[in-house]
Student: 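Take a look at the following structure, please.
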Amino acid sequence: NPTVPRRPPNAQPNAGKNQKSNPTPADQQNEKPWLVPDENDPPPEHDWYIPARYFARELIVENSKLLLKRDLLAKKVSDSMFNVGIKKRGIAKRYNPATIKKAFSNVKFG
């Protein structure tokens with residue numbers, strides 16, 4: 001009869017095995033950086049302004065000509081937001097690029 005090691009009486013049955021810890025704010029920043037507001041931005045009028053500004057900055061880093069082409073920038077931001085699951089009021093529709101441009105007002109990108 002092999003002996004089975006006993007666990008201490010106060011130990012959790014699955015302690016240390018495939019447990020997910022609660023995410024810390026730093027983990028959330030690494031996981032979804034588009035949800036972290038930029039400290040230099042004006043206060044957002046809507047929750048989706050923060051990711052719209054984040055994606056605009058990322059796209060401008062890739063292609064600085066987008067600073068001059070706001071319509072194209074807004075379309076690309078709409079696509080980026082849709083790709084990460086940010087949709088209009090829970091509907092499976094993208095934000096209109098004309099609406100996205102509202103998030104850019106009073107924001108310095110370059």
Student: Between Pro97 and Ala74, which heavy-atom pair has the shortest distance, and what is it?
Tutor: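 Heavy-atom minimum between the residues: O-CB, 3.3 Å.
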
Student: Is there a side-chain contact between Leu59 and Ser80 in this structure, where contact means two heavy atoms from C-beta onward sitting under 4.5 Å apart?
Tutor: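 Yes. Closest side-chain heavy atoms under 4.5 Å.
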
Student: For a quick test of reading the model, state the closest non-hydrogen atom pair linking Ala103 to Ala52 and the distance between them.
Tutor: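 So the two residues come closest at CB-CB, 3.9 Å.
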
Student: Would you say the side chain of Ser78 lies within less than 4.5 Å of the side chain of Asn96, judging by non-hydrogen atoms?
Tutor: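 No, their side chains stay 4.5 Å or more apart.
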
Student: Charged N to carboxylate O below 4.0 Å: is that the case for Asp71 and Lys75?
Tutor: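 Lys75 and Asp71: not salt-bridged.
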
Student: Do Trp48 and Thr99 have side-chain heavy atoms sitting under 4.5 Å apart?
Tutor: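 Trp48 vs Thr99: side chains touch.
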
Student: Looking at side-chain heavy atoms only, is the closest gap between Arg70 and Phe109 below 4.5 Å?
Tutor: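 The answer is yes; the side chains approach within 4.5 Å.
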
Student: Could you grab the distance from atom CD1 of Ile60 to atom CG of Leu67, nearest 0.5 Å is fine?
Tutor: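 Rounded to the nearest 0.5 Å, the CD1-CG separation comes out at 4.0 Å.
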
Student: Under 4.5 Å between any side-chain heavy atoms of Lys102 and Tyr49, yes or no?
Tutor: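 A side-chain contact under 4.5 Å exists here.
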
Student: Quick one: are Tyr95 and Ile86 in side-chain contact, heavy atoms under 4.5 Å?
Tutor: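 Yes. Closest side-chain heavy atoms under 4.5 Å.
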
Student: Counting only heavy atoms from other residues, nucleotides and ligands, does the tally under 6.0 Å from CG of Asn83 exceed 12?
Tutor: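 Above 12, so yes.
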
Student: Indicate the atoms forming the closest heavy-atom contact of Lys108 with Arg57, along with that distance.
Tutor: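 Distance-wise, the nearest heavy atoms are O-NH2, 3.9 Å.
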
Student: Any link between Phe104 and Ile50 through a network of hydrophobic side chains (Ile, Leu, Val, Met, Phe, Trp, Tyr) touching at under 4.5 Å?
Tutor: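 Different clusters.
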
Student: Decide whether Val61 and Met81 are clustered together by the hydrophobic rule: side chain heavy atoms of Ile, Leu, Val, Met, Phe, Trp, Tyr closer than 4.5 Å, transitively.
Tutor: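 No, Val61 does not connect to Met81 through the hydrophobic network.
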
Student: So do the side chains of Arg53 and Asp38 get within less than 4.5 Å of each other, counting heavy atoms only?
Tutor: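 No - every pair of side-chain heavy atoms lies 4.5 Å or more apart.
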
Student: Quick one: do Phe82 and Phe55 end up in the same hydrophobic cluster if we chain Ile, Leu, Val, Met, Phe, Trp and Tyr together by side-chain heavy atoms under 4.5 Å apart?
Tutor: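 As far as the 4.5 Å side-chain criterion goes, Phe55 and Phe82 are not connected within one cluster.
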
Student: Given side chains that start at C-beta, do those of Leu72 and Lys76 come closer than 4.5 Å, heavy atoms only?
Tutor: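 Yes, side chains in contact.
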
Student: Atom NZ in Lys88, atom CZ in Arg94: separation rounded to 0.5 Å?
Tutor: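 CZ of Arg94 is found 12.5 Å from NZ of Lys88.
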
